[in-house]
Structure formats: C-alpha cells, structure tokens
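One structure is given below, encoded as structure tokens.
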Amino acid sequence: MLAKRVIPCMDCKDGRVVKGVNFVNLRDAGDPIELAQRYDEQKADEVVFLDICATSDDRATTVELASRAAQELHLPYCVGGGFRSVADIRRMIAAGADKVSINSAAVADPSIITQAAAAFGGQAIVCAIDAKHVAGAGDKWEVYVSGGRKPTGIDVVEWAVEAARRGAGEILLTSMDRDGSCDGFDCALTRAVSRAVDIPVIASGGVGKLEHFAEGIVEGEADAVLAASVFHFGTYTVREVKEYLASQGIPVRL
Amino acid sequence: MIAIVDYAKGNLQSVYNGLCAAGAQDVRIVTEPVQIEQADAVVLPGVGAFADASASMTQSGQMQAVRQAIQAGKPYLGICLGLHMMFEGGTEHAPDAPAPGLGVAPGIVDRIPSKDEHGVSFKVPHVGWNTMHRGEDSACPLFDGIDQDEYFYFTHSYVVPSSPFTQATTTHATEFPCVVQTGPVCFGVQFHPEKSSDAGLHVLRNFVALAQQA
C-alpha cells in the first residue's frame, strides 16, 4: 500500500537553512545537506529545499546545492523558488534535482507547466500554490504569488485543476493563513484541492502538534504532509511523527 | 565497467552516485553504442517518456546495442522507464500505435488505471513509497537480504504487463509487476533504487556484485 509521506521542508537562503514565521523573521538552522541526511536517517520520505530569496539573488548557490544533494542524498528531493523559465528548470534538473516546484512563474505563464512536464515528465513538476482564505467567502481561497506578497484574484481550486490538466505531477499547497501559526493545516482548503484534482496533494503550513499531521491526512485528504520548524528545532523527529501516524492507522514507511 | 546509458541527455547523476555508493569501481555515463558494447554491465535509467526514449535510442543505435548486451548475457538493470523499455512496446506519448521497446519481455506498457476494481479513485502519478511483494517462489538475486514487503520509492504513471518474468508486485489501483527478471542477470525494477535510501542501496549493491562477477 502506498504510504503517506512526511516531508521536511528547508527554507534556504545563501545555502543555509532558515525558517520564517509568516515569511518574516528568519532564523538560521544549519546546513541543508546535513539536515537532509539526518532526516533520511529518521525515515523522511523526501525533502524540499525552498530557495526563499531566489527571485532577487543569484541562482548559482541553489544549483550548487541541488548538485551536492544529488551526490550525497539517496532519497528524493524537490527544489523550489525563483524559477522563471523552462531553461531555469532544465538547469536545476540537470544539476540533479528530482523535482522542481514552480509557483509565481506558473501563475504568470501557465504554459511553463505544460512545457516543463513535456520536457521532464510530470513527475518532476510540482505546482506550488500559496493560498489565503477569502474573508467572508466560505470555502474560497485566493492564490498569492511572490512569496505570498501579491494577491492574484485567482481561485485556488480552479488553479490547481488547471495545473493538473497542464501536466503537473503534484500540488504543494501552503495555507498562508496557517503558515507559522502552529494551529494545524487548513484541512478545508487541503480537502477542497485534493478532491478537485487526481494528482497527489502535499499539505503545508501550520503544523505544531502530532495530531495536526494526522488531521492533514485524514480530514484534509492529503497524500503527503510537509513541515519545517517542528523538525528543524527538534520538537519532533520525523520518526516520532511517523510512529504517531502509524498508531492512528495511517500507512507510513517506518 | 558498468555503462549507464544516456538516451535523453537527462539527469543521471543520482543513478551514477547510487552505483558508486554501492561499491561500483568503474561506472560511466555513455551515449555511443560502441561504449555499450565495451561494457561489462548495462544500466538503463528512467528518464522521460517511452516514445521519446524509443525514438532516441533507435536513432542513436543504443537500442540495438543494449539488446545485444542483454542477449550476450551481460548484467542489465532497467530502472523505471528502463524496465518499461524491456517490453515489446509502450503507449506513453505514442498516440497512434505503441512505440517499440527492446522486446526481451512480452506485452505493452500502458497507463495505470485511475480506479480500482471497486471503482475507488487512486492518484496518478503513483508517487511515493510503496511495498514490494515478492512471489512465493521468487529467488531473484537482486533482492538477497531484502525483507518481504520492503518499501521502495516509486514515481510513474505507466506500468508493465504481467508476464512469466514477474518476480514481485506492488499495488496501486491495480496489482502490477514492480520487479521483472528475464534472464539470470537481466532485471528491471519499477521503483528507483537510487532514491530508496538504505533498501535501495542494498539492491544496487546486489547488482554491482553481480556485475563485478561478470
């Protein structure tokens, strides 16, 4: 049976891991490769390296990180942040990344998903969506871009469906309302997207307790759950999370 | 020398590093048919879509060189698309008729159904860690020391057909072959051993040991 995945995410800046609370107040939490190896030992199912300042800074550091990761890691990893073109994606995949996550660039030009999926296979293309609840609108969320700074007026569920139709292999769905809150995933959001698309959905944003991981999978119907701070600062090991999920009857690799 | 066949100018670093980590002394990423002929063992990794790989390998002469290597009894490991390519044909990116494969195993590679026999929906691509179930009588040397129902990392939308060569299966919407063996040292695996942490490295070590005996 396909196991539900637990994915530590490392926000990276200048080749180092940082984690923002609501995308500000960055804190240093170490070398991304060493951290990823520790997560591999704890049975992380894959890791994500998110280049949080890629849109403004030189990309070379991140390409180098992807290349080092290909040499030293024996588990899947995804690199996200700052892709503007298929050429950018090609460079990252050539460096060794298994997957890339595309966010703002795909919203600006959705054909980038189509082209990248045709060139590298849908399994390599993750569509990252930053979602914010529309106040007073019930189950409705809006897509934000540029690291969560710019609203787009685009409906999250509609955008997820289009990304899947264009060949994206997975959706990495972050709730901006919950990110950094430790209040748990936005399960209504996750479930709405997971039911609308036939590709896997990774829930992100808001984990603070063990129960939250299970809620994302059971109530949110997520195929994978992603977290950062709770792992980096040692609140829980990946193994503790997976043991908890197993105790709740959720299939995981231990 | 273990030759990793580069047919798509794709990302082969992980397979290369995995084989090195598994103890291979001499691994090369090759493009020329003559380099495949010179190899002691051949690894065909999983990059791109079936029809594209088929066209590229046929045009470059790699298809014939790999087929000859297999027929000569050299150790072969097909990973993901490299497993698919062992079969007669595949429908991925081939709208009219299946594109040709190596044809060392019978049947056509086709898309994973998105619903199981009870009509329950499954996500495709099949992405993540799933268990490998070996047949009762399987004695595939690639899996010496590997536990029954061990987890491996999969990422694919197409599966190979059942055949007498199936050694192990995985289930996602349907039960499909995840390990195929067509000769004493000719193997294909649907999962990615180079991405399957310790269990994957164990499989690669078993293959490297077989390759270095060759």
Side-chain angles (χ1 to χ4, degrees), chain A residues 1-7 37 39-46 66-77 90 92-99 117-126 164 167-171 194-195 197-202 221-224 242 251-254, chain B residues 8-22 46-50 52-53 80-81 92-93 112 114-115 121-131 133 149-158 170-173 175 191-204:
Chain A
M1 190 177 200
L2 183 63
K4 298 295 180 181
R5 287 171 283 158
V6 177
I7 305 174
Q37 284 170 330
Y39 293 139
D40 184 15
E41 287 161 15
Q42 296 175 5
K43 299 274 180 178
D45 296 303
E46 59 188 82
S67 171
R68 247 186 92 205
Q71 283 164 31
E72 299 180 35
L73 300 180
H74 302 291
L75 81 167
Y77 66 96
R90 184 182 303 280
M92 199 60 76
I93 290 195
D98 299 296
K99 312 178 190 187
F120 313 112
Q123 85 294 332
I125 308 304
V126 177
E170 291 180 85
I171 302 284
S194 190
R195 286 187 178 178
V197 298
D198 53 10
I199 57 176
V201 174
I202 305 165
E221 300 179 17
D223 300 279
K242 293 179 97 173
V252 289
R253 178 183 67 110
L254 280 169
Chain B
K9 306 283 181 285
N11 161 25
L12 308 175
Q13 275 308 311
S14 299
V15 174
Y16 178 88
N17 292 315
L19 288 165
C20 292
V47 179
F50 194 103
D52 306 337
C80 194
L81 186 56
E92 188 180 10
H93 285 195
I112 305 177
S114 58
K115 285 186 165 60
S121 292
F122 282 76
K123 300 283 179 89
V124 177
H126 172 227
V127 181
W129 297 75
N130 205 333
T131 47
H133 190 79
D149 296 319
E150 179 60 270
Y151 277 101
F152 291 94
Y153 183 76
F154 292 79
T155 174
H156 62 118
S157 300
Y158 285 74
T170 292
T171 302
H172 184 73
E175 186 178 356
F191 53 82
H192 289 267
E194 77 281 10
K195 289 290 162 188
S196 296
S197 197
D198 296 340
L201 277 177
H202 193 125
V203 170
L204 292 178

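Keep in mind that this is a model prediction, so the values were computed, not measured. We name chains A, B, ... by the order of the sequence lines, and we start the count at 1 in each one.
- For the set B:Asn17, B:Thr131, B:Thr155, the count of heavy-atom pairs under 4.5 angstrom toward chain A peaks at B:Asn17.
- With chain B as the partner, the residue from A:Ala224, A:Gly169, A:Gly121, A:Ala118 showing the most heavy-atom pairs under 4.5 Å is A:Gly169.
- Residue B:Ser196 touches chain A through its backbone alone, counting heavy-atom pairs closer than 4.5 Å.
- In the displayed structure, B:Asp198 atom CG is contacted under 6.0 Å by at most 12 heavy atoms of other residues, nucleotides or ligands.
- Under the 3.5 Å distance criterion, with hydrogens and angles disregarded, no donor-acceptor pair is assigned to the side chains of A:Lys43 and B:Ser197.
- The shortest heavy-atom contact between A:Leu2 and B:Val127 is CD1-O, 3.6 Å.
- With a 4.5 angstrom heavy-atom cutoff, B:His133 does not touch chain A via any of its atoms.
- Under the 4.5 Å side-chain criterion, counting only non-hydrogen atoms from C-beta, A:His74 is not in contact with B:Leu204.
- Looking at A:Asp45, the atoms closer than 4.5 Å to chain B (heavy atoms on both sides) sit in the backbone and in the side chain alike.
- The line from NE2 of B:His156 to CD of A:Gln123 is 11.0 Å long, rounded to the nearest 0.5 Å.
- Proximity to chain B is absent for every atom of A:Ser67, based on heavy atoms less than 4.5 angstrom apart.
- With a 4.5 angstrom heavy-atom cutoff, B:Ser121 does not touch chain A via any of its atoms.
- If you measure heavy-atom distances from A:Val252 to chain B, the contacts under 4.5 Å come from the backbone alone.
- Of all heavy-atom pairs spanning A:Pro200 and B:Pro125, the tightest one is CG-O, 3.8 Å.
- Within the 4.5 Å cutoff, the side chain of A:Pro76 has heavy atoms near those of the B:Trp129 side chain.
- In plain terms, the two heavy atoms of A:Ser194 and B:Lys123 that are nearest each other are OG-NZ, 3.0 Å.
- Proximity to chain B (any heavy atom under 4.5 Å) is restricted, for A:Glu170, to the side chain, taken from C-beta onward.
- Only the backbone of A:Ala97 comes within less than 4.5 Å of a heavy atom in chain B; its side chain stays farther off.
- Proximity to chain B is limited to the side chain of A:Arg5, based on heavy atoms less than 4.5 angstrom apart.
- The CZ atom of A:Arg253 sits 9.0 Å away from the OH atom of B:Tyr151 when rounded to the nearest 0.5 Å.
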